[in-house]
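This structure is a prediction, so every number in the text was calculated from the model and none was measured. In the text below, chain A, chain B and the rest are named by the order of the sequence lines, each starting its count at 1.
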Amino acid sequence: MRLIDNMSLKRKKAVFGFLLLTPYLIGFVLFFVLPVIKSLVFSFNNITSEVGRGVIYRPVGLNHYIRLFTTEVAFRERLVSNVVDLYVNVPMIVIYSLFIAVVLNKRFRGRNFAKVIFFLPVIITSGVMLSMESSDYLLQSVQKTISEGNELLETYNAAFFDIKTVFLRMQISEEILKYLMAIIQRFYDIVISSGVPITLLLAALQSISPSVYESAAIEGATAWEAFWKITLPLVSPYVFMCAIYAIIDSFTNPSNKVIEYIMTTAYGPTLSYGYASAMTWIYFIVIAIFLSIIGGLFARSRVIFYYDM
Amino acid sequence: MNTLVLRNEARKLTVSVIRAILVAGICFTILYPLLLKFAICFKSPEDLLDSSMAFLSRNPSFDTFKTAYQMMNYTESFLNTTLLCALSGLFHVISCTLVGYSLGRYKYKFKAIVFGFVIMTMIVPPQVISIPMYLSFGNVFGVSLIDNPVSLLLLYLTGNSLKSGLYIYLLTQFFRSLPKELEEAALVDGAGETKTMFFVMLPNARLMMITVFLFSFVWQWTDIFYTSMFFKNYELLSLNLGVVGSTYQQYMYTSKLPTHPMLISQMNNAGSVLFIVPLILIYLICNKYFVQGIERSGIVG
């Protein structure tokens, strides 16, 4: 006790604060650091688990990685399609969330109802529900008939109706068009993954003082100008946060194709733990690169106020 | 003057009409699969094959729900799941509040690093560590913690489980936003660190703690990653939902009844409806906490 009494208040506080962390740190080492290191070791070994003898390692060096980059096609294909998905989805999630947040920031009838509905996917389309929806036969078939119907319509009315030809005639390049079409196809995915970003951005918008807009209006700024000169710079740190959130959310999503493939490799009939570990490591490195690119982009652009974590 | 007023009114009307269409359309996009699920479940087998109706059915029946209820062993698995989720919520609140309070209110040497750890646990997909965890939990001092609730409770209590990083982050930001004067006033009045924490600071964080409890509850409810690892042999809703289709198929096969992919799919949908109804109820009742928790967490403003 005397030891504690002799400490200065500042030091006492520091010790108390650190003591609060101990359970977390123990758990962090046992359930995070050790498994991460183990999985790295696994990726250089062939792992078999036998009853009575525990886990048996057979070192193979870099073979798993070499196989993944040379002979294995399925994994690379999934990884690339996953990254392409992100390249379409993340910018759209951010833009869509910002747009919806701006719409919801104004008062109108039914606003609270809309807020409740927009956040609903966070609650119900998570975990097992996502995989149920993506694998369900009836839901898929109904949606398929709808989309097939649209295709039929397109072929019949191509001359009058087809958006694609209209855009092509407007001299919009094929690349942009493909991107736009991809967005239309993914609209549902984008909507259901925007629950948290919308809420965050809405809170950010509400924290901007109305007097800023008032004085801008007196100076003669239009609403359009006010959005670009006031709203966007002030919410930009949260836009960045939303981008990060969207990336993490989609990368760690259990219905994600890469993760599905890793899980079937690890727990499926082959039980290749070592090989699956190598996959998870490549996957993790890809995530890290993606996050740092986004971070770098945002840090470079001048609009961002540096946000102190 | 009159034309100006008129023009203004017209503009307002246009804006609100466009807004109404947009918001209603997006709401429909979100609700459509849900409505479709409900609609599919009320159909009798003949209605399922009748392509002239998408949402309505000629002879609505509750039979599908009854069968799904049996197939999922609903009563037992509902109770088990509720217990597990409540424990998850409670333990997460305890462990994450401790970490969040420490990171948000105290200054010490390695704080930034520990905060970095928290962020790292959010970024690394749990699948990366699932394989070694599965193998090492299989043999802890000769005892297998796989298929043993203790293992998941250990993860909750140390704040290293599903989405714990997010809860810690929310709580840290919240505690950081509380004014310093609160602590100082408590100190002047003679309260020690523990007293300040339990009687001054934590009561202020009630709302945030309820939010963490609810998120943890809901996400544990839908989780299959940890439950399929640690609770394979337990009756849990999320696990039973995942296999409701094949359970049904097996049941029909053993009782020598005809079956059809459509019926299995209908069973999947009925299972999903039974699975999410409790969640929807919780969400509608506690909506305030879910949304305000994120709004007021101090991340913003």
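- Counting heavy-atom pairs under 4.5 Å between each of A/Thr280, A/Ile248, A/Leu202 and chain B puts A/Thr280 at the top.
- Taking the six-membered ring where the residue is Trp, A/Phe251 and A/Phe290 present perpendicular rings, their angle passing 60° and hence far from 30°.
- Contacts of B/Ser95 with chain A are absent, with no heavy-atom separation under 4.5 Å from either backbone or side chain.
- Of the listed residues B/Ile129, B/Leu157, B/Leu187, B/Thr194, the one with more heavy-atom pairs under 4.5 angstrom with chain A than any other is B/Ile129.
- For A/Leu34, no part lies under 4.5 angstrom from a heavy atom of chain B.
- Note: B/Thr222 leads B/Leu284, B/Thr222, B/Val291 in heavy-atom pairs under 4.5 Å with chain A.
- Note on ring orientation: taking the six-membered ring where Trp is involved, the planes of B/Tyr101 and B/Phe175 are perpendicular (angle over 60°, cut-offs 30° and 60°).
- Only the side chain of A/Leu25 comes within less than 4.5 Å of a heavy atom in chain B; its backbone stays farther off.
- For A/Ile123, the parts lying near chain B are the backbone and the side chain together; criterion is any non-hydrogen pair under 4.5 Å.
- Residue contact with chain B, scored on non-hydrogen atoms closer than 4.5 Å, involves the side chain of A/Ile100 exclusively.
- Options A/Leu30, A/Ile244, A/Leu120, A/Ile247 differ in how many heavy-atom pairs under 4.5 Å they form with chain B, and the most are formed by A/Leu120.
- Looking at B/Ile168, only its side chain comes within 4.5 Å of chain A, counting heavy atoms on both sides.
- Contact of A/Phe28 with chain B is made through backbone and side chain together, with heavy-atom distances under 4.5 Å.
- Within the 4.5 angstrom heavy-atom criterion, only side-chain atoms of B/Met197, from C-beta onward, approach chain A.
- When each of B/Ser272, B/Gly159, B/Ser238 is scored by its heavy-atom pairs under 4.5 Å with chain A, the top score falls to B/Ser272.
- Aromatic ring orientation, B/Trp221 versus B/Phe275: tilted (interplanar angle from 30° to 60°).
- For the pair B/Arg176 and B/Tyr169, the cation-pi test (distance below 6.0 Å, angle within 45°) is failed.
- Sparse packing is recorded around OH of B/Tyr289, with 12 or fewer heavy atoms of other residues, nucleotides or ligands lying under 6.0 Å away.
- Counting heavy-atom pairs closer than 4.5 Å to chain A, the top-ranked of the candidates B/Leu103, B/Thr227, B/Asp223, B/Leu155 is B/Leu155.
- Ionic pairing of B/Glu183 and A/Lys13 is present here: one or more N-O contacts between side-chain nitrogen and carboxylate oxygen are shorter than 4.0 angstrom.
- No more than 12 heavy atoms of other residues, nucleotides or ligands sit less than 6.0 Å from atom CZ of B/Phe110.
- For a residue to count as touching a neighbouring chain, one of its non-hydrogen atoms must lie under 4.5 Å from one of that chain's; by this rule B/Ser16 does not touch chain A.
- For chain A, the nearby parts of B/Phe117 are the backbone and the side chain; heavy atoms of each come within less than 4.5 Å.
- At a 4.5 Å heavy-atom cutoff, the contact between B/Val218 and chain A is made by side-chain atoms alone.
- No side-chain donor-acceptor contact under 3.5 Å links A/Thr265 to the backbone of A/Ala276.
- Between A/His64 and A/Ser43, the shortest heavy-atom contact is CD2-O, 3.1 Å.
- Checked against the 6.0 Å centroid criterion, the rings of A/Tyr273 and A/Phe42 do not qualify as a close aromatic pair.
- When all heavy atoms of B/Ser102 and A/Gly17 are compared, the closest pair comes out as OG-O, 2.6 Å.
- With hydrogens and angles disregarded, a donor-acceptor distance shorter than 3.5 Å links the side chain of B/Tyr283 to the backbone of A/Val116.
- For a residue to count as touching a neighbouring chain, one of its non-hydrogen atoms must lie under 4.5 Å from one of that chain's; by this rule A/Lys10 does not touch chain B.
- The contact between B/Val118 and chain A is made by backbone and side chain atoms together, counting heavy-atom distances below 4.5 Å.
- Looking only at atom types and distance, the side chain of B/Gln220 has a donor-acceptor partner in the side chain of B/Tyr156 under 3.5 Å away.
- Here the closest heavy-atom approach between residue B/Leu152 and residue B/Ser161 is recorded as CD1-OG, 4.5 Å.
- Top candidate by heavy-atom pairs under 4.5 Å with chain B, chosen from A/Trp281, A/Phe119, A/Phe113, is A/Phe119.
- With a 4.5 angstrom heavy-atom cutoff, B/Leu214 does not touch chain A via any of its atoms.
- Residue A/Ile287 touches chain B through its side chain alone, counting heavy-atom pairs closer than 4.5 Å.
- In terms of non-hydrogen atom pairs under 4.5 Å with chain A, the most contact-rich of B/Ile26, B/Val23, B/Leu279 is B/Ile26.
- Using a 4.5 Å cut-off between heavy atoms, A/Tyr24 contacts chain B through both its backbone and its side chain.
- For A/Val122, the parts lying under 4.5 angstrom from a heavy atom of chain B are both the backbone and the side chain.
- B/Ile282 does not touch chain A: none of its heavy atoms, backbone or side chain, sits under 4.5 Å away.
- For the options A/Leu19, A/Val36, A/Leu104, A/Thr199, heavy-atom pairs under 4.5 Å to chain B are most numerous at A/Thr199.
- Taking B/Ile30, B/Leu98, B/Ile276 one by one and counting their heavy-atom pairs under 4.5 Å with chain A, the maximum is reached by B/Ile30.
- Under the 6.0 Å cut-off for aromatic ring centres, A/Tyr188 and B/Tyr32 do not qualify, their centroids lying 6.0 Å or more apart.
- In this structure, the side chain of B/Gln266 engages the main chain of B/Ile40 through a donor-acceptor pair within 3.5 Å.
- Most heavy-atom pairs under 4.5 Å with chain B: of the set A/Phe187, A/Phe284, A/Phe32, A/Tyr283, this distinction falls to A/Phe32.
- The ring of B/Phe215 has its center no closer than 6.0 angstrom to the ring center of B/Tyr167.
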